[in-house]
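The structure appears below as structure tokens.
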Amino acid sequence: MGDCYRLGDGVEQDYSEAFKWYQLSAEQGDSDAQFCLGVMYQNGIEIDRSLELAVDWYRKSAEQGNADAQCCLGACYCLGDGVEQDDFMAFRWYQLSAEQGNSVAQCLLGDYYCSGQCVDQDYSEAFKWYQLSAEQDYSDAQLRLGVLYAEGLGVEQNLVLAADWYRKSAEQGHEEAQCCLGDCYRLGDGVDQDYSAAFKWYQLSAEQGDPEARFNLGSMCEKGLGVERNLELAIDWYRKSAEQDFEEAVEALKKIDE
């Protein structure tokens, strides 16, 4: 019933009614309702926002094995939202969630192994978790898997597979992956060199605000790669990137001014 009111399925959407039914269900121990109640408290949906109460309900649900709640509880520990910040507790809850197949938790667990935070750095283990997540179509993991293939970390270097994973992520709108795919086309890494395709992907990324893509777009406009040379447009993109403190764009503007 709470889901129906939250989603407007069969009834007029009403978050207050959704909260009421979730609470009745949660107090009887239903883990899904406890998770939903945590989400509503965390986001302040029709109730006063309370990160502490969000954590309480996430914990009740997580302790019953709810993978989504475990992932959210891990994020609370990671960020210090409603609870004292604790990377080891975050790792523990992410691991429990990831082992149940939660794609977000799998990706975040991969980040821990990739960085060596809380655990020994292990690119092979990072690759394993990123791959599990990426195969569930999670765009962040697809990007990270592309990076590992591109750099040969935890797996044999394979620029073709790197480009393939970048593309999967980029086609979902991931701005960093779009920039990486633009790099592949500009350099001919894993794909046939194609400046027009590089320009297209850089532009999609730049329009979402990626500073590196904005710099690369400016460079292509300045040099006339994949597009007619346009110094005015190049300066505009360099400036957007420089305003985000991207050092190469700052240097590019200085050279133009000289």
Discussion item. Using a 3.5 Å distance criterion without hydrogens, assess whether the side chain of R214 forms a donor-acceptor pair with backbone atoms of A206.
Written reply: yes
Below 3.5 Å, can you tabulate the donor-acceptor pairs from side chains in residues 87-94 to any protein atom, sequence neighbours excluded?
{"from": "D87", "atom 1": "OD1", "to": "Q85", "atom 2": "NE2", "distance (Å)": "2.9"}
{"from": "D87", "atom 1": "OD1", "to": "Q117", "atom 2": "NE2", "distance (Å)": "3.4"}
{"from": "D87", "atom 1": "OD2", "to": "Q117", "atom 2": "NE2", "distance (Å)": "2.8"}
{"from": "Y94", "atom 1": "OH", "to": "A75", "atom 2": "N", "distance (Å)": "3.3"}

Worksheet item: Side-chain heavy atoms under 4.5 angstrom apart, residues restricted to Ile, Leu, Val, Met, Phe, Trp, Tyr: same cluster for L233 and Y195?
Response: yes
Worksheet item: Do Y112 and Q95 have a side chain donor and acceptor closer than 3.5 Å?
Response: no
Fill in: Short side-chain to backbone donor-acceptor contact, Q13 and Y5, under 3.5 Å
no
Discussion item. With salt bridge (Lys or Arg N to Asp or Glu O under 4.0 Å) as the rule and sequence neighbours excluded, what pairs involving residues 7-33 come up?
Written reply: E17-K20
Worksheet entry | Residue pairs involving residues 229-239 (criterion salt bridge (Lys or Arg N to Asp or Glu O under 4.0 Å); sequence neighbours excluded) | D236-K240
Worksheet item: Do you know which two heavy atoms are closest between V155 and L148, and how far apart they sit?
Response: CG1-O, 3.8 Å
Discussion item. Count I, L, V, M, F, W, Y as connected when their side-chain heavy atoms are under 4.5 Å apart, and connections chain through other members. Are F199 and L231 then in the same cluster?
Written reply: no
Practice prompt. Answer with yes or no whether the hydrophobic clustering places F19 together with Y15; edges join I, L, V, M, F, W, Y residues whose side-chain heavy atoms lie under 4.5 Å apart.
Written response: yes
Worksheet item: Do you reckon V191 sits in the same ILVMFWY cluster as L143, going by side-chain contacts under 4.5 Å, direct or chained?
Response: yes
Worksheet entry | Donor-acceptor side-chain pairing of Q42 and Y58 below 3.5 angstrom | yes
Worksheet item: Once you round to the nearest 0.5 Å, how far does CZ of F246 lie from CG of N216?
Response: 6.5 Å
Worksheet item: Does S139 use its side chain to pair, donor to acceptor, with the backbone of S169 at less than 3.5 Å?
Response: no
Worksheet entry | For N102 against C71, the heavy-atom pair lying closest together | OD1-SG, 3.8 Å
Worksheet, complete the sentence: Here the pair of heavy atoms bringing E46 nearest to S16 is OE1-OG, 3.3 Å
Item to complete: Scan for salt bridge (Lys or Arg N to Asp or Glu O under 4.0 Å) pairs involving residues 242-251, sequence neighbours excluded, and state none if there are none.
Response: E251-K254
Practice prompt. Mind checking the CD-CG spacing from E52 to D81? Nearest 0.5 Å is all I need.
Written response: 9.5 Å
Practice prompt. Using the salt bridge (Lys or Arg N to Asp or Glu O under 4.0 Å) rule, collect all pairs that involve residues 178-187, keeping only residues at least two apart or in two chains.
Written response: D183-R186
Worksheet item: Closest heavy-atom contact between Y166 and C184?
Response: CD1-SG, 3.6 Å
Item to complete: Look only at the side chain of Y202 and the backbone of F215, and say whether a donor-acceptor pair between them is shorter than 3.5 Å.
Response: no
Fill in: Same apolar cluster: V83 and M40, side chain cutoff 4.5 Å
no
Which pairs would a plain distance check flag for residues 173-182, meaning a side-chain donor or acceptor within less than 3.5 Å of a matching protein atom at least two apart in sequence or in another chain?
{"from": "H174", "atom 1": "ND1", "to": "E176", "atom 2": "N", "distance (Å)": "3.3"}
{"from": "H174", "atom 1": "ND1", "to": "A177", "atom 2": "N", "distance (Å)": "3.4"}
{"from": "H174", "atom 1": "NE2", "to": "D140", "atom 2": "OD1", "distance (Å)": "2.8"}
{"from": "Q178", "atom 1": "OE1", "to": "S205", "atom 2": "N", "distance (Å)": "3.3"}
{"from": "Q178", "atom 1": "OE1", "to": "Q208", "atom 2": "NE2", "distance (Å)": "2.9"}
{"from": "Q178", "atom 1": "NE2", "to": "A170", "atom 2": "O", "distance (Å)": "3.3"}

Worksheet item: Shortest non-hydrogen contact from L217 to W237?
Response: CD2-CE2, 3.4 Å
Item to complete: Compare every heavy atom of S219 with every heavy atom of Y238, then report the nearest pair and how far apart it is.
Response: OH-CA, 3.1 Å
